[in-house]
Amino acid sequence: MGSERQVDFLLIGGGLASAHCAAELRKRGAQGSILLAGREPEPPYERPPLSKEYLRGEAGREDAYVNPPSWYEENEVELLSGTNVMSLDPAARTAKLQGGEVVSFDKALLGTGAMVNILRVEGAENEGIHYLRAYGNADAIRADAEAAEHVVLIGGSYIGAEVAASLTAKGARCTIVTMEDVALSRTFGEDAGRWFHELLESKGVTVHGGEELEAYEGDGRVTGVVTKSGLAIECDTVIVGAGVRPDAMLAQRAGLEVDDGIVCDAKLESSAAGIYAAGDCCSYESVIHGRRLRVEHWDVAMQQGMHVARNMLGDDADYEVVPYFFSDLADWASLEYVGPASEWDEEIWRGDRESGEFSVWYLKDGRVAGALSVERSEDLAEARRLLADRVDVSAHTAEIADPDSDLSAIGA
Ligand SMILES: Cc1cc2nc3c(=O)[nH]c(=O)nc-3n(C[C@H](O)[C@H](O)[C@H](O)COP(=O)(O)OP(=O)(O)OC[C@H]3O[C@@H](n4cnc5c(N)ncnc54)[C@H](O)[C@@H]3O)c2cc1C
């Protein structure tokens, strides 16, 4: 039987959402005790560098820490790294930590993040097959890729595209194998996806679209991949970027409502009063979109973590921030996106695809459902406003298409 103690705020999961929740609680003057328990050995850190600067060896581990390690003590936030929260009892308002300690709490945040989808195909036991979520994964990829003759990326979405770009920039030979015909088309559509696809190819990345992994080859160490259509590619390192799924295991075992993530209302509160969720694990009722939403974006985890802190302190407000995402393909292109558009019936290009400075607007029934920017960040501010306000822009499509027009008057 473990010992027992009481905290005011229990933050479960040592990622971005929990770290920003803790910081916002203190910023807002919360006096109560805060305990942040995370499974990973490091203090909360940013994951985006793992496929970018950190993978290329341009940044160290500490550069990605959300707060310096000393911040937690200075701000009286008890950080328990390397500590799994084993179970949660919403009715008793207690949680059991690895090692047996039972913590009772007043308010709790579930910031348990997401887990990578594992492809369990023949040959998956071979060495040299990687996934990317944590520092240790990035270290192992770096070590393998440095010595590799040929790296194959499975998946043509962000992780596949970013890692291919980073490793190519470091001199590796990379090939992407992706189920979609066009890389990055799942989010951005075929037209914009084609722009990124061709960019990758122009920089030396081979892309095989419309191909699904059938098996890995190798006898101890991976020597190749084979696709369902019979395409065989020799390689000595594989990195899989096949998406993630919300880590809602603790919530599910606790009897909270779980669907695609931990089901929350518009205030980010779960089916148990006083227990909230934020970040990759949170499926919330979006007032802006008029539907349930779960996204895996750095900015969303951060914003939601802070929002939960404010609601824990009594704000009791709906979460109404338009989700924002960014991605870098080495120093070849930076993209930003607001949305997410689940479907659209019109695409408007604003700017010049040849120069690599443009935005693409995704419209549904005359309203902005999403927008992508490549080097035109200023467009996104307008898109975000028009999306949030649900402005009917059908009479303004020519202005949107004109890269020199001022959009601030639309819907103002
Ligand atoms: C390689 C990579 C690159 C990315 N690049 C971008 C990008 O360019 N732009 C962008 O917008 N987003 C990017 N993302 C996504 C972004 O990093 C995530 O959306 C963000 O990290 C989510 O934060 P989180 O706090 O919800 O979850 P996480 O960061 O996943 O943190 C959750 C933590 O909780 C821990 N945990 C789970 N269960 C328990 C438990 N029971 N007890 C204790 N601890 C637990 C997990 O181990 C994990 O450490 C990237 C992600 C990766 C992996």
Side-chain angles (χ1 to χ4, degrees), residues 10-22 35-55 64 66 79-88 95-99 103 108-117 130-138 141 153 155 157-163 165-166 187 239-254 261-262 268 276-284 294-306 308 323-329 334-340:
L10 175 64
L11 313 183
I12 302 173
L16 206 57
S18 291
H20 281 278
C21 183
L35 172 61
L36 194 167
R39 181 184 289 159
E40 290 184 71
E42 292 89 1
Y45 61 91
E46 317 265 2
R47 296 184 197 277
L50 300 183
S51 50
K52 307 179 187 69
E53 303 86 347
Y54 185 74
L55 191 64
V66 180
L79 174 62
L80 289 182
S81 298
T83 305
N84 225 332
V85 176
M86 308 300 287
S87 62
L88 181 68
K96 191 180 213 179
L97 308 185
Q98 182 180 339
V103 179
L109 166 70
L110 287 157
T112 46
M115 301 176 288
V116 295
N117 290 325
H130 301 272
Y131 291 81
L132 180 54
R133 185 78 195 167
Y135 275 134
N137 305 131
I141 290 171
L153 293 302
S157 201
Y158 309 109
I159 296 291
E162 287 185 356
V163 172
S166 285
T187 312
I239 300 145
V240 184
V244 297
R245 60 187 193 287
D247 188 341
M249 288 191 301
L250 181 69
Q252 190 150 30
R253 284 201 309 268
I262 301 166
L268 308 183
Y276 298 80
D280 288 6
C281 67
C282 170
S283 164
Y284 71 104
R294 192 186 66 76
V295 289
E296 297 126 16
H297 301 351
W298 169 87
D299 186 63
V300 175
M302 188 171 75
Q303 302 273 358
Q304 289 189 339
M306 294 192 290
V308 165
Y324 164 85
F325 178 85
F326 69 91
S327 173
D328 291 337
L329 302 182
S334 292
L335 68 89
E336 295 169 276
Y337 177 80
V338 291

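The chain is numbered in sequence order, starting from 1. As the structure lists them, so they are numbered: ligands from 1, and atoms in each ligand from 1. These values consider heavy atoms only, across backbone and side chains, with no hydrogens, waters or symmetry-generated copies.
Listed by number with element, the atoms of ligand 1 under 4.0 angstrom from any heavy atom of Gly111 are 32 (C), 33 (C), 34 (O). Every atom of ligand 1 with a heavy atom of Ala301 under 4.0 Å away is listed here by number and element: 22 (C), 23 (O), 26 (O). Under a 4.0 Å criterion applied to the non-hydrogen atoms of Gly38, ligand 1 contributes the atoms 43 (C), 44 (N). Close approach to Leu132 involves these atoms of ligand 1, each under 4.0 Å from a residue heavy atom: 1 (C), 53 (C). Those atoms of ligand 1 with a heavy atom of Glu296 less than 4.0 angstrom away are 15 (C), 19 (O). The ligand atoms of ligand 1 that sit less than 4.0 angstrom from a heavy atom of Ala17 are 25 (O). Contact atoms of ligand 1 toward Glu162: 8 (O) (distance under 4.0 Å to a heavy atom of the residue). Here is the list of ligand 1 atoms found below 4.0 Å of a heavy atom in Asp247: 37 (C), 38 (N).
Counting only heavy atoms from C-beta outward, the side chains of Pro44 and Leu79 approach each other to under 4.5 Å. Between Leu50 and Tyr135, the closest side-chain pair of non-hydrogen atoms falls below 4.5 Å. Contact check for Pro43 versus Val66: no side-chain heavy atoms found under the 4.5 Å cut-off. In this structure, Leu10 and Val85 have side chains that are not in contact, with every pair of non-hydrogen atoms separated by 4.5 Å or more. In this structure, His130 and Val163 have side chains that are not in contact, with every pair of non-hydrogen atoms separated by 4.5 Å or more.
At least one donor-acceptor pair closer than 3.5 Å links the side chain of Arg245 to the backbone N or O of Val116. In this structure, Asn117 contributes its side chain and Ala242 its backbone to a donor-acceptor pair below 3.5 Å. Using a distance-only test at 3.5 Å, with no hydrogens or angles considered, no donor-acceptor pair links the side chain of Ser18 to the main chain of Leu36. Proximity of a side-chain donor or acceptor of Gln304 to a complementary backbone N or O of Ala278 within less than 3.5 Å is not detected. Proximity of a side-chain donor or acceptor of Arg47 to a complementary backbone N or O of Trp298 within less than 3.5 Å is not detected.
Nearest protein heavy-atom contact of atom 29 (O) of ligand 1 is Arg47 NE, 2.7 Å. Nearest protein neighbour of atom 4 (C) of ligand 1, counting heavy atoms only, is Pro48 CA, 3.6 Å. In terms of protein heavy atoms, atom 49 (O) of ligand 1 is closest to Glu40 OE2, 2.5 Å. Among protein heavy atoms, the minimum distance from atom 3 (C) of ligand 1 is reached at Ser51 OG, 3.4 Å. Among all protein heavy atoms, the one lying closest to atom 37 (C) of ligand 1 is Thr112 O, 3.3 Å. The single protein non-hydrogen atom nearest to atom 34 (O) of ligand 1 is Gly13 CA, 3.2 Å, given as residue, atom name and distance. Atom 44 (N) of ligand 1 has Arg39 N, 3.0 Å as its closest protein atom, hydrogens excluded (heavy atom only). Here the heavy atom of the protein found nearest to atom 26 (O) of ligand 1 is Asp280 N, 2.9 Å.
Among Leu36, Val85, Leu335, the residue whose heavy atom lies closest to atom 41 (N) of ligand 1 is Val85. With distances taken over non-hydrogen atoms, the option nearest atom 9 (N) of ligand 1 out of Trp298, Phe326, Tyr45 is Phe326. Counting heavy atoms only, Asn84 comes closest to atom 40 (C) of ligand 1 of the residues Asn84, Val300, Leu16.
Under 4.0 Å from ligand 1, the heavy atoms of Thr83 that appear belong solely to its backbone. At a heavy-atom distance under 4.0 Å, no atom of Cys282 approaches ligand 1.
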task: Run the numbers on Ser51 and Tyr158 for side chain to side chain donor-acceptor pair (under 3.5 Å), then give the verdict.
output: CA-CA 9 Å; Ser51 50; Tyr158 309 109; over 6 Å; no

- request: Walk me through it: do Tyr45 and Glu40 pass the test side chain to side chain donor-acceptor pair (under 3.5 Å)?
  value: CA-CA 10 Å; Tyr45 61 91; Glu40 290 184 71; 2.4 Å; yes

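Between Asp280 and Arg133 a salt bridge is recorded (basic side-chain N to carboxylate O distance below 4.0 Å).
Nearest heavy-atom pair across Arg253 and Met86 is NH2-O, 2.7 Å.
Within the structure, the closest approach of Val295 to ligand 1 does not fall below 4.0 Å when heavy atoms are considered. At least one heavy atom of Lys52 sits closer than 4.0 Å to an atom of ligand 1.
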